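Everything quoted here is computed from the prediction, not taken from an experiment. Each ligand, and each atom within it, is numbered from 1 in the order the structure gives.
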Amino acid sequence: MKNPYYSHPAKILKIRKESPDSNLYTLQFKEAKIQKAFHFHPGQFVMAGIVGYGEGPFDICSSSMETTTFDLSIRKVGKITQKIHTLEVGDTISVRGPYGHGFPMTKLNQKNLLLLGGGCGFVTMRTVILDYIKQKPKGQKIQVFFGVRSEKDFLFRQEFATWSKHVDLHLIIAEAKEKKSRYHQGVITDLFDKVKLLDNLAVIACGPPIMYKFCLARLKDYPISDEDIYLSLERRMDCGTGVCQHCAIGPYYVCKDGPVFSYGKIKDIQGAI
Ligand SMILES: Cc1cc2nc3c(=O)[nH]c(=O)nc-3n(C[C@H](O)[C@H](O)[C@H](O)COP(=O)(O)OP(=O)(O)OC[C@H]3O[C@@H](n4cnc5c(N)ncnc54)[C@H](O)[C@@H]3O)c2cc1C
Ligand code: FES
């Protein structure tokens with residue numbers, strides 16, 4: 001996008017219901033030259049909303065190699081997201097960005113990856129998985145741990161069968177499962193007891209702070225450096241561009257310097273996680 005500070009209208013091409021409170025929106029900028037110039041890295045986000053209602057940060061969750069459209073998965077929690085959920089195919093969402101720093105994929109592609117996703121924090125993992133499936137990098141393997149409260153909370157459920165052909169996918173639900181369920185039961189950290197992790201591993205984690213706390217404690221048992229663990233942080237955001245200071249953590253702005261940080265970079269900042 002030429003001027004990343006401008007919002008541009010994007011048309012809703014498709015809406016897919018993902019869970020009781022989340023929809024997946026496939027969007028395309030109305031101006032062809034804006035769509036053509038829209039490139040992003042896995043882990044980056046846009047500010048999206050409706051003129052007159054406001055906007056909020058949302059991770060881009062399509063493949064970064066898809067250039068004609070892009071996807072946002074939006075959970076209905078409050079004023080803006082409720083309004084977005086009333087929109088239909090053909091309606092318009094205003095989008096500016098992409099913003100922030102995503103995952104350092106060139107560096108990460110030298111390693112096997114463990115993706116840790118909790119609840120709707122899993123959104124941004126979809127880009128990493130779709131890119132991996134498209135690129136098929138030689139020698140690299142991916143393990144995925146995705147944990148939710150109950151089965152209905154899984155995002156992208158209809159893609160699991162395809163993903164499983166390419167990545168080692170482990171799905172876990174907290175609530176009691178039916179006897180023949182294909183899911184593990186428990187919390188995401190329980191998967192560390194059930195699955196042997198790959199060697200030469202880097203970690204990407206997206207989820208609530210409580211998940212980070214317990215996963216980081218488990219990761220200490222493995223030879224993975226703090227610099228090889230990447231966390232995507234969420235903060236309330238207004239500008240998305242390092243101006244309003246709403247998303248400050250220590251010396252960093254989550255919007256501009258993140259939302260992806262290595263654990264090594266933020267582990268000593270009080271309140272960062
Ligand atoms: C970098 C980043 C990426 C994000 N990506 C996604 C995404 O891909 N999909 C998605 O559905 N949401 C995502 N979010 C969260 C999303 O931005 C908020 O849920 C949304 O802005 C809420 O707007 P609202 O007006 O509907 O809710 P509000 O009316 O503002 O708030 C409703 C409730 O949601 C809580 N809330 C609002 N914003 C946040 C937040 N950032 N984190 C935690 N709680 C919040 C409020 O405290 C309140 O309880 C992301 C947030 C960040 C910072
Ligand atoms: S959202 Fe304004 S500085 Fe980050």
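Aromatic pair Phe146/Phe154: ring centres closer than 6.0 Å. Close placement of the Phe70 and Phe29 rings is indicated, their centers lying within 6.0 Å of each other.
Connection of Val203 to Leu198 is established within a shared hydrophobic cluster, with ILVMFWY side chains joined at heavy-atom distances below 4.5 Å, either directly or through further cluster members.
Here the protein heavy atom with the shortest distance to atom 18 (C) of ligand 1 is Val77 CG2, 4.5 Å. The protein atom (non-hydrogen) at minimum distance from atom 1 (C) of ligand 1 is Met237 CE, 3.8 Å. Among all protein heavy atoms, the one lying closest to atom 26 (O) of ligand 1 is Thr81 OG1, 2.5 Å. With respect to atom 47 (O) of ligand 1, the closest heavy atom belonging to the protein is Arg236 NH1, 3.4 Å. With respect to atom 29 (O) of ligand 1, the closest heavy atom belonging to the protein is Lys79 N, 3.1 Å. In terms of protein heavy atoms, atom 11 (O) of ligand 1 is closest to Arg75 N, 2.7 Å.
Both the backbone and the side chain of Asp59 come within 4.0 Å of ligand 1, judged by heavy-atom distances. Only backbone heavy atoms of Arg235 (N, CA, C or O) come within less than 4.0 Å of ligand 1; its side chain stays farther off. Contact annotation: for Ser73 versus ligand 1, heavy atoms closer than 4.0 Å belong to the backbone alone.
With respect to Lys141 and Asp168, no salt bridge is recorded, no charged nitrogen being found less than 4.0 Å from a carboxylate O. Salt bridge status for Arg75 with Asp21: present, with a side-chain N to carboxylate O gap under 4.0 Å. Salt bridge status for Glu18 with Arg16: present, with a side-chain N to carboxylate O gap under 4.0 Å. Salt bridge Arg126/Asp71: present, at least one basic N to carboxylate O contact under 4.0 Å.
By the 3.5 Å distance cut-off applied to N or O atoms, Ile80 is counted among the residues near ligand 1. By the 3.5 Å distance cut-off applied to N or O atoms, Gly78 is counted among the residues near ligand 1. Geometrically, ligand 1 and Glu234 share a nitrogen or oxygen pair separated by less than 3.5 Å.
Remark: of the listed residues Arg96, Lys83, Lys79, Arg96 is the sole one forming a salt bridge (Lys or Arg N to Asp or Glu O under 4.0 Å) with Glu55.
By heavy-atom distance, the residue among Pro208, Pro57, Gly43, Gly121 lying nearest atom 13 (C) of ligand 1 is Pro57. Compare Phe58, Phe122, Tyr99 by their heavy atoms: the one nearest to atom 6 (C) of ligand 1 is in Phe58.
For the pair Thr92/Ile12, no side-chain contact is recorded, criterion being any heavy-atom separation below 4.5 Å from C-beta on. Using a 4.5 Å heavy-atom cutoff, the side chains of Leu169 and Phe160 are in contact. Between Cys206 and Leu116, the closest side-chain pair of non-hydrogen atoms is not below 4.5 Å. Under the 4.5 Å side-chain criterion, counting only non-hydrogen atoms from C-beta, Ile269 is in contact with Pro251.
Atom CG of Leu216 is separated from atom CG of Leu231 by 5.5 Å, given to the nearest 0.5 angstrom.
Within a 4.0 Å radius of atom 49 (O) of ligand 1, the protein contributes no non-hydrogen atoms.
Legend: protein N/O/S atoms lying under 2.8 Å from atom 4 (Fe) of ligand 2, waters omitted, number 2.
Note on ring orientation: taking the six-membered ring where Trp is involved, the planes of Phe145 and His170 are perpendicular (angle over 60°, cut-offs 30° and 60°).
Below 4.0 Å from some heavy atom of Ile74 lie the following atoms of ligand 1, by number and element: 11 (O).
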